[in-house]
Chemist: 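Could you have a look at this structure, given as structure tokens, before my questions?
Order of listing sets the numbers, starting from 1, for every ligand and every atom in it. Nothing fancy with the numbering, it's 1 onward along the sequence. Excluded from the calculations below are hydrogen atoms, water molecules and symmetry mates; all remaining heavy atoms, backbone and side chain alike, are included.
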Amino acid sequence: MIAENSSKTYLDYSATTPLHPEALKTMEPFFKGSFGNPSSIHSFGQAADAAIEEARGKIAKYLNCFPKEVLFTSGGTESDNLALRGIAFQAQKERNANHILISPVEHHAVSHTAKQLASSFGFELEYIPVDEYGRVSASDVASRLRPETACVSVIYANNEIGTINPLEEIGEVCKRQNIPLHTDAVQAGTYLNMDVRSLNVDLLSLGAHKFYGPKGVGALYVRDGLRLLSIQTGGGQEHGLRAGTSNVAYIVGMAKALELAQEERSSHLNHVQGLRDRMIGSILETIPDSQLSGHLTERLPNHASFVFKGVDGNQLLMQLDQLGFACSSGSACKTGNPEASEVLLALGLSDDWALGSLRVTLGTTSTPTEIQNFLDVLPAAIETNRMLQGTLA
Ligand SMILES: *Cc1c(COP(=O)(O)O)cnc(C)c1O
């Protein structure tokens with residue numbers, strides 16, 4: 001039995017969220033009596049299939065699309081892979097398109113997929129510039145679209161810096177040129193508008209564990225009529241686009257979590273945003289050489305991210321963990337040789353700022369006391385960290 005971290009404070013809700021108890025409740029029957037294979041003809045199978053189709057309907061309602069436009073996957077990463085590979089290979093086959101356009105602030109599930117398409121499958125990968133807040137502008141997309149562009153992928157809300165992209169406008173210019181637009185909306189599920197029609201997107205990725213659903217399940221919206229090459233072949237599940245017996249319990253849990261997120265959105269949004277704003281204000285005021293990373297207002301309401309000059313971000317995370325606070329940073333931990341995150345460098349930050357990153361993300365059960373306790377220890381932790389860097393330099 002693993003000890004519950006009751007004395008620890010979790011401030012890393014962009015990494016993952018706990019499963020909503022009501023979502024868990026809806027999953028339980030499918031681990032017990034309702035174990036049928038949804039592809040089976042008999043009543044056991046039909047019951048499982050009905051549960052999946054009900055879940056698909058709920059998610060479609062949330063996305064304002066047709067149920068047949070929703071595919072189930074094993075998570076955000078698979079949704080991103082299916083979207084990019086599926087659309088790129090189809091466009092290559094259909095119209096000899098070999099140009100892929102992405103932002104430099106994508107999650108690795110998109111950026112590493114695009115890089116592999118370029119290095120191993122003959123695609124040309126081009127990056128759309130971003131401003132100092134990590135935002136893509138529609139005009140920068142428009143000027144880079146070509147007839148041979150296979151797809152464009154722009155993250156909806158950034159996991160590292162919280163910045164929200166103007167998808168409506170980006171989608172508008174893509175639509176005019178008839179180039180499909182994919183968005184990684186994995187961070188957006190809990191708090192942002194998820195209406196795919198008003199967002200003007202052709203493909204949209206979701207991952208359940210970022211909105212209080214279970215890990216290992218996700219969804220991909222694919223606009224009706226858009227053709228993808230399947231990347232996992234086998235049975236005919238999910239319109240033949242994602243073969244394999246459906247993960248019934250997890251799909252049901254995801255749909256319930258999304259439904260709850262929508263119902264509880266406005267109260268949660270005000271709660272986390274109020275706490276978050278006070279925290280940002282206090283940190284920028286009390287800690288010298290500190291800067292918010294990402295946009296101040298066009299950002300996820302539960303998300304705060306900072307850079308501190310001359311700080312070792314990984315060491316800061318370990319210090320905070322010992323003090324009882326679970327946070328995150330942007331730099332990949334490489335022993336002895338930390339590397340600044342590509343996302344932070346894309347904002348134009350230098351290494352001595354970008355290596356000192358801290359991400360603090362709040363959740364529905366975060367309390368003012370937790371935040372106050374965190375604010376009480378952070379300035380001293382930063383000071384200690386800077387002193388250590390000084391002695392090592
Ligand atoms: C978490 C995350 C992913 C990956 O989703 P998984 O469900 O963990 O595979 C992709 N993109 C973004 C923006 C994320 O935050």
Side-chain angles (χ1 to χ4, degrees), residues 10-20 23 59 70-86 102-116 130 134-136 152-165 167 181-192 194 199 201 203-221 231-232 242 244 247 249-251 253-255 257-258 261 293-295 298-305 326-330 332 341-344 346 357 359-363:
Y10 187 77
L11 295 172
D12 200 11
Y13 288 86
S14 280
T16 195
T17 56
L19 182 60
H20 197 299
I59 293 175
V70 177
L71 303 180
F72 294 121
T73 68
S74 67
T77 299
E78 190 192 326
S79 294
D80 285 343
N81 269 267
L82 176 56
L84 255 76
R85 289 176 201 277
I102 69 170
S103 87
V105 296
E106 297 300 310
H107 188 274
H108 284 165
V110 167
S111 63
H112 287 182
T113 303
K115 277 183 196 170
Q116 196 198 56
V130 289
R135 285 194 110 206
V136 171
V152 179
S153 188
V154 175
I155 193 165
Y156 188 1
N158 190 277
N159 46 304
E160 264 182 72
I161 54 172
T163 297
I164 299 168
N165 269 309
L167 287 179
L181 172 65
H182 165 255
T183 191
D184 176 339
V186 177
Q187 286 290 334
T190 316
Y191 299 110
L192 303 187
M194 297 296 282
L199 289 174
V201 295
L203 303 117
L204 177 145
S205 300
L206 284 177
H209 74 101
K210 304 288 173 68
F211 52 78
Y212 303 85
K215 292 170 182 62
V217 65
L220 177 66
Y221 158 75
I231 58 169
Q232 177 160 302
R242 203 278 181 175
N247 193 347
Y250 282 60
I251 289 168
M254 168 167 64
L258 201 51
S293 57
H295 205 280
E298 292 300 313
R299 72 184 295 137
L300 288 167
N302 69 323
H303 191 294
S305 55
C327 304
S328 170
S329 82
S341 108
E342 290 164 25
V343 171
L344 295 175
S357 65
R359 182 181 76 180
V360 189
T361 46
L362 311 188

Chemist: Enumerate the protein residues lying less than 4.0 Å from ligand 1, judged by heavy-atom distances, in chain and residue-number order.
Modeler: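 Answer by chain and number: Gly75, Gly76, Thr77, Asp80, His107, Ile155, Asn159, Asp184, Val186, Gln187, His209, Lys210.
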Chemist: Ignoring hydrogens and geometry beyond distance, is a side-chain donor-acceptor pair present between Ser305 and Glu160 at under 3.5 Å?
Modeler: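 Their side chains do not contain a donor-acceptor pair, so the 3.5 Å distance test is not met.
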Chemist: Of all residues at least two apart in sequence or in a different chain, which pass the ring-ring contact (aromatic ring centres under 6.0 Å, His included) check with Tyr10?
Modeler: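 Testing Tyr10 for ring-ring contact (aromatic ring centres under 6.0 Å, His included), a comparison that skips the adjacent residues, returns Tyr13.
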Chemist: If you measure only the distance, is there a donor-acceptor pair under 3.5 Å linking the side chains of Thr17 and His209?
Modeler: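 Note: Thr17 and His209 side chains miss the donor-acceptor criterion.
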Chemist: Assess, by modelled atom type and distance only, whether the side chains of Arg299 and His303 contain a donor and an acceptor separated by less than 3.5 Å.
Modeler: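 The criterion, which ignores hydrogens and geometry beyond distance, is satisfied for His303 and Arg299.
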Chemist: Which heavy atom of Ala109 sits nearest to which heavy atom of Asp80, and what is that distance?
Modeler: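 Here Ala109 and Asp80 meet closest at CB-OD2, 3.4 Å.
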Chemist: Under the side-chain contact (heavy atoms from CB on, under 4.5 Å) rule, what do Ser153 and Leu84 come out as? Steps first, then yes or no, please.
Modeler: CA-CA 8 Å; Ser153 188; Leu84 255 76; 3.8 Å; yes
